Amino acid sequence: MTQNYFEIQNQNKLLRKITLIWLALALVLFLLPVIFGLLMRSIQANILPDPNHLFYNYLTAHGLLMVGIWVTTALALLSFTMSKYVVPSAKLIIISVILIVVGALMLLWAIFIGDMAIGWYFLYPLPMRLGTLAGRIVFFSSIGVLGVGWLLWSIAIFLAIAKKYTFAQTLGWHYIIKKEDVYVPPMIMIAAVSLLAIIICLLIAVILLLLYLLEFLTPVANDALLMKNLTFVFGHTIVNMNLYLVIALVYEYFPQYGDGEFKNNRMLALAWNSVLLVVMFAYFHHLYMDFAQPDAIQYIGQFASYGAGLVAAVFTIFSVLAFVYTHKMKWNFSSILIYIAVSMWTVGGIAAVIDATIPVNFRMHNTLWVPAHFHSYYFTGAVMMMLAFMWAISLEVDSAEEKPWIKKVLLPVMFIGGFGVVLMFYFGGTSSIPRRYAVYPPELHSGTVYAAIAVGFILLFLAGYLILAGILAKRFMNGLRK
Amino acid sequence: MQLNVFLSWSIASIIVMLVFYIVYRRSKKEPASISYDIINNKRFKLLYGIVILLFIAFFAALSYLPYPTKEEPDQIIGVKAKMFLFELTQDTLEVNKLIEFRITSEDVTHAFGVYDSTGMLLGQVQAMPNYINRLRMRFTEPGNYSILCLEYCGPLHHQMRKPILVR
Ligand code: HEM
Ligand SMILES: [Cu+2]
Ligand SMILES: [Cu+2]
């Protein structure tokens, strides 16, 4: 490794502290939604009874906590890693972390005490019909609190970037007009693109929340199709940007294992700027089965979804492969895990592009094919990558060496566990098993079988993860004391 | 269709994994010294390849759209979805006729998923309050079919279903 993050961080003790605290917390918090996942699969497999009918509460909490934890972790890893170029304000970040933790606790309260079992994207008008009044109020407030937390954090990062680069440089526009006077690291450019989209998403979320508020306070009812569009611009885009934030970090971390660098240039700048354009329209593929949506919009959705996949394949995935082909790599836990996770991101991307094809979507939408593809690039993709970055950071902050069994035993155990979880979703989707079914009807018995097999894989993943998280948390704690 | 989707995805994924594996193996030898220009050349080849593939897929998809066309349906069935049941104006359908379901919801968003007797999903459409979605289907086999709700709509979502008979 060429950089020593520990030394860089020594100059920013507060930022290092808050990063390590959040990372340790995230490792523990993550167990909660994983256990909800285990419970869901066990209930679907008829292994576990669900006497209090909590399946949909687990579902909602699982989805929202996962997204919450990993968006935040991506922000934490980014602000920590970028501090070798520009340093974001630790104070703003501390406020964000506090807001996010409070928001998450409120969310859990709303879901389990307020009975807001409304699914992670709380499709209108479900939140007006389910749960208690207090549950509704706390639920929407928690989304607000989380949103403010993420907004503050994004602003902290932008303010730091603005100290060194202009807005146009940050987005690589000077490369596009062939005026290459300032070098902008790809991580900064990609992160800026993603954060810009996140900020747009959060502003759309404000409109969404205001429309809900309006309906709470006055007798006017909202338009279901409009609300659905707003929900998915927000939901789809924020999740995708979470992945892109992680990809930004791949551009920074991965080449270090081959003693090289991913260089920024005109082509890359063009690619990521077109991603920013295209990705805001890709969400239309969530509404293919709303035949009331104008047909032209459906075609735009298919076009934009294909476009996003194309850019990912030709730039990021190809670059990773070309880099490995031409460099002598140091393969350790982090680099192997990033590499495998990029391949899973590709595999999930292929499944996503297939499902973004309207006639396919007609038969695969809202089946387990959907969780299959997004768990591929979220769980076995982005989350594995973030664990890999955490591993790299932990080695630095605790000045530790990696033992060979980590990559020889722990990595395969975790990865095979994760892959099995995902594969069972693919099998389910192929057999037309609906997503979000607490109990499968008798004619869809195969869904029950896949769920049971998935339980085994979840336990395998958990076994590996617990060991990894134990080692990581201990190192982060040691790092805190230094 | 589902099986073909799965097969295409599996084949593409296995190729991807093989490529990753081969490149990984290569990295253990002396690194290849290939100039940046050659790599970029390859990148553009990949770009054009995928663009052509996606263009074909894009236009192929447009000729199999599930959206209603100008053709006159033979039979029109009204469908009202509400927590947690479907009300159909008629639950016996004619085989080989073009059937149009006009679907709406009385409360939250549901979805109207048509399953054949073997448990395969033939098609679906969302059921939304204040909107009427028109789903066209032609059943080529007589038999028992089921409508299942395919959009999460509350605690009994997984029990929301309705049998239909095609003859
Ligand atoms: C061991 C790891 C995991 C397991 C066992 C697991 C399991 C599950 C299960 C069983 C479902 C419900 C599927 C259904 O609709 O029937 C689900 C949904 C979901 N999962 Fe996971 N998951 C895992 C990891 C993740 C990760 C890492 C993320 C994101 C970072 C994630 C995000 C989601 C989301 C957003 C949903 C949709 C929730 C909804 O439909 O409202 N999961 N997961
Ligand atoms: Cu329903
Ligand atoms: Cu439903």
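Here the structure is a predicted model, which means the values were calculated and not measured. Order of the sequence lines fixes the chain letters, A, B, ..., with proteins taken first and strands second; residue numbering starts at 1 for each chain.
A salt bridge links B:Arg138 to B:Glu71: one of the charged nitrogens lies within less than 4.0 Å of a carboxylate oxygen. For B:Arg167 and B:Glu94, the salt-bridge test fails: no basic side-chain N is under 4.0 Å from an acidic carboxylate O.
Of the atoms belonging to A:Arg436, heavy atoms from both backbone and side chain fall under 4.5 Å from chain B. In this structure, chain B has a heavy atom under 4.5 Å from the backbone of A:Ile118, while its side chain stays farther away. Both the backbone and the side chain of A:Thr430 come within less than 4.5 Å of a heavy atom in chain B. At a 4.5 Å heavy-atom cutoff, the contact between A:Asn265 and chain B is made by side-chain atoms alone. The contact between A:Tyr339 and chain B is made by backbone and side chain atoms together, counting heavy-atom distances below 4.5 Å. Using a 4.5 Å cut-off between heavy atoms, B:Lys42 touches chain A through backbone and side chain atoms alike. For A:Ser446, no part lies under 4.5 angstrom from a heavy atom of chain B. Heavy-atom distances place no part of A:Phe122 under 4.5 Å from chain B, backbone and side chain included. Using a 4.5 Å cut-off between heavy atoms, A:Asp223 touches chain B through its side chain atoms alone. For a residue to count as touching a neighbouring chain, one of its non-hydrogen atoms must lie under 4.5 Å from one of that chain's; by this rule A:Ser343 touches chain B with backbone and side chain alike. Within the 4.5 angstrom heavy-atom criterion, only side-chain atoms of A:Asp295, from C-beta onward, approach chain B. Heavy atoms closer than 4.5 Å to chain B are found in both the backbone and the side chain of A:Leu321. Contact annotation for A:His365: both backbone and side-chain heavy atoms come within less than 4.5 Å of a heavy atom of chain B. When heavy atoms are compared at a cutoff of 4.5 Å, A:Leu126 approaches chain B by way of both its backbone and its side chain.
With sequence neighbours excluded, the residues that form a side-chain contact (heavy atoms from CB on, under 4.5 Å) with B:Met120 are A:Ser432, B:Gln2, B:Asp116, B:Thr118. Every side-chain contact (heavy atoms from CB on, under 4.5 Å) that A:Leu423 has, sequence neighbours left out, goes to A:Phe419, A:Phe427, B:Trp9.
A:Tyr325 carries B:Arg26 over the face of its six-membered ring, with the cationic atom under 6.0 Å from the centre and within 45° of the normal.
Of the candidates B:Asn133, B:Ile76, B:Thr89, B:Arg102 forms a side chain to side chain contact (heavy atoms under 4.5 Å, CB included) with just one, namely B:Ile76.
Between chain A and the residues B:Tyr21, B:Phe6, B:Phe20, the largest count of heavy-atom pairs under 4.5 Å involves B:Phe20.
Note on ring orientation: taking the six-membered ring where Trp is involved, the planes of B:Tyr48 and B:Phe44 are tilted (angle from 30° to 60°).
At least one side-chain heavy atom of B:Asn40 sits under 4.5 Å from a side-chain heavy atom of A:Met267.
Side-chain atoms of A:Tyr426 and A:Ser376 form a donor-acceptor pair, as typed in the model, at a separation below 3.5 Å.
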